[in-house]
Amino acid sequence: MFDSTYGSLTVELIVGFFALLLLTKILGKNQLSQLSPFDFVSALVVGELVGNAIYDDEVSIFRVLVAIAIWGTLIYIIEILTQKIRRSRSLLEGSPSIVIYKGKVDFKALKKNKLDINQLQHLLRDKGAFSINEVEHGVLETDGTITILKKHAFDTPKNQELNIKPSPVPLPLLVILDGEISKKNLETANLTEEWLQKEIHRQGYKECKEILYGEWIEGDALYLQPFEQSPS
């Protein structure tokens, strides 16, 4: 009895795990990066379906897989509709709302979005604005976050305003991570493993396994951070 119970639980967990993994891959990253209220509820429903299969002996894993497939298909159809039919986006995904315009709070927009002043202040503080008076425009996004444009007096000076000459902004690339070489990033940087090994030896290390991470920036020397504070 003990073995069969835990064996069944193990199978259900493994099947449920890979079913959710497959569903996440199909639906795309926007399910997490732009989590709307509907997406949040959808995630709860899918989690509940898998939970039912694990804790309810009367619910078979096959029925749960069918339910996940149907639910995932419906979400996928909604995503396709919002991509193909522009008019459906505001209905299915919602639309951004301007809650601060020209330094003034739009109380009608706050009321429409079920938002009070305290919640608005919390969202603004999360963006680095500790006073509503600092904000020229504020847009409440569909995922519940707020995007702000500060007033000129409170905005960060730009290089253009400081008359600083433009210069290239290279992208830092991790070529070594946890002692392993990232071949993909090496190719992106047009570097070779032979060059990397020479740099490792030049800085006093024997092999990349000694390196916690190695960061390369175009025009700069290779930066190596070992697992130990000093090279052996």
Side-chain angles (χ1 to χ4, degrees), residues 20-51 67-174:
L20 291 179
L21 179 62
L22 178 62
L23 182 62
T24 303
K25 292 294 183 182
I26 293 174
L27 294 180
K29 296 180 180 179
N30 66 311
Q31 290 295 109
L32 294 177
S33 61
Q34 298 176 353
L35 196 65
S36 66
F38 176 75
D39 295 329
F40 178 71
V41 173
S42 297
L44 291 179
V45 170
V46 173
E48 183 66 20
L49 291 173
V50 177
I68 291 176
I70 294 174
W71 189 262
T73 301
L74 291 174
I75 297 176
Y76 185 74
I77 291 173
I78 294 297
E79 293 293 333
I80 295 298
L81 286 175
T82 55
Q83 291 176 14
K84 300 295 184 181
I85 306 175
R86 185 178 300 177
R87 294 180 180 178
S88 66
R89 295 176 186 174
S90 59
L91 176 64
L92 299 175
E93 293 185 344
S95 56
S97 298
I98 300 176
V99 292
I100 301 177
Y101 183 70
K102 292 185 177 180
K104 302 293 183 182
V105 176
D106 189 337
F107 290 101
K108 290 183 179 179
L110 289 182
K111 186 177 180 181
K112 181 181 178 181
N113 289 279
K114 309 295 187 296
L115 198 67
D116 58 40
I117 292 295
N118 289 336
Q119 292 171 322
L120 177 62
Q121 288 178 313
H122 170 76
L123 293 173
L124 293 177
R125 286 194 296 269
D126 191 50
K127 295 295 182 178
F130 283 77
S131 172
I132 297 176
N133 188 47
E134 298 178 17
V135 181
E136 183 71 13
H137 301 289
V139 179
L140 183 66
E141 307 293 352
T142 55
D143 61 356
T145 61
I146 193 169
T147 304
I148 64 172
L149 182 63
K150 288 188 176 183
K151 294 179 179 179
H152 187 271
F154 301 98
D155 200 8
T156 303
K158 299 178 181 179
N159 289 335
Q160 186 178 17
E161 297 172 339
L162 299 176
N163 293 322
I164 298 177
K165 293 182 179 180
S167 60
V169 183
L171 178 67
L173 292 173
L174 282 178

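Side chains are part of it too, since the values below use all heavy atoms of this structure and drop only hydrogens, waters and symmetry mates.
- Atoms CG and NZ, from Leu140 and Lys112 in turn, are 11.0 Å apart once rounded to the nearest 0.5 Å.
- Residues Val139 and Pro96 share a closest heavy-atom pair of CG1-CB, 3.6 Å.
- For the residue pair Lys150 and Ala129, the shortest heavy atom distance occurs at CE-CB, 4.1 Å.
- Taking CG of Asp116 as the start and NE2 of His122 as the end, the distance is 11.5 Å to the nearest 0.5 Å.
- Inter-residue side-chain proximity for Ile132 and Ile100 is flagged as met; some heavy-atom pair is nearer than 4.5 Å.
- Between Leu120 and Ile146 there is a side-chain heavy-atom pair separated by less than 4.5 Å.
- Nearest heavy-atom pair, Glu136 versus Lys151, reported as atom, atom and distance to 0.1 Å: OE1-CG, 3.2 Å.
- Nearest heavy-atom pair across Phe154 and Asn133 is CE1-O, 3.9 Å.
- The minimum heavy-atom distance between Leu123 and Gly144, with the atom names listed, is CD2-O, 3.7 Å.
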Asp106/Ile98 under side-chain contact (heavy atoms from CB on, under 4.5 Å): CA gap, chis, key distance, verdict: CA-CA 7 Å; Asp106 189 337; Ile98 300 176; 5.9 Å; no
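- Heavy atoms of other residues, nucleotides or ligands lying less than 6.0 angstrom from CG of Leu174 number more than 12.
- Lys127 places no side-chain N or O within 3.5 Å of a backbone atom of Thr147 that could act as its donor or acceptor partner.
- Contact of the Leu110 side chain with the Ile117 side chain is registered, since non-hydrogen atoms from C-beta on lie closer than 4.5 Å.
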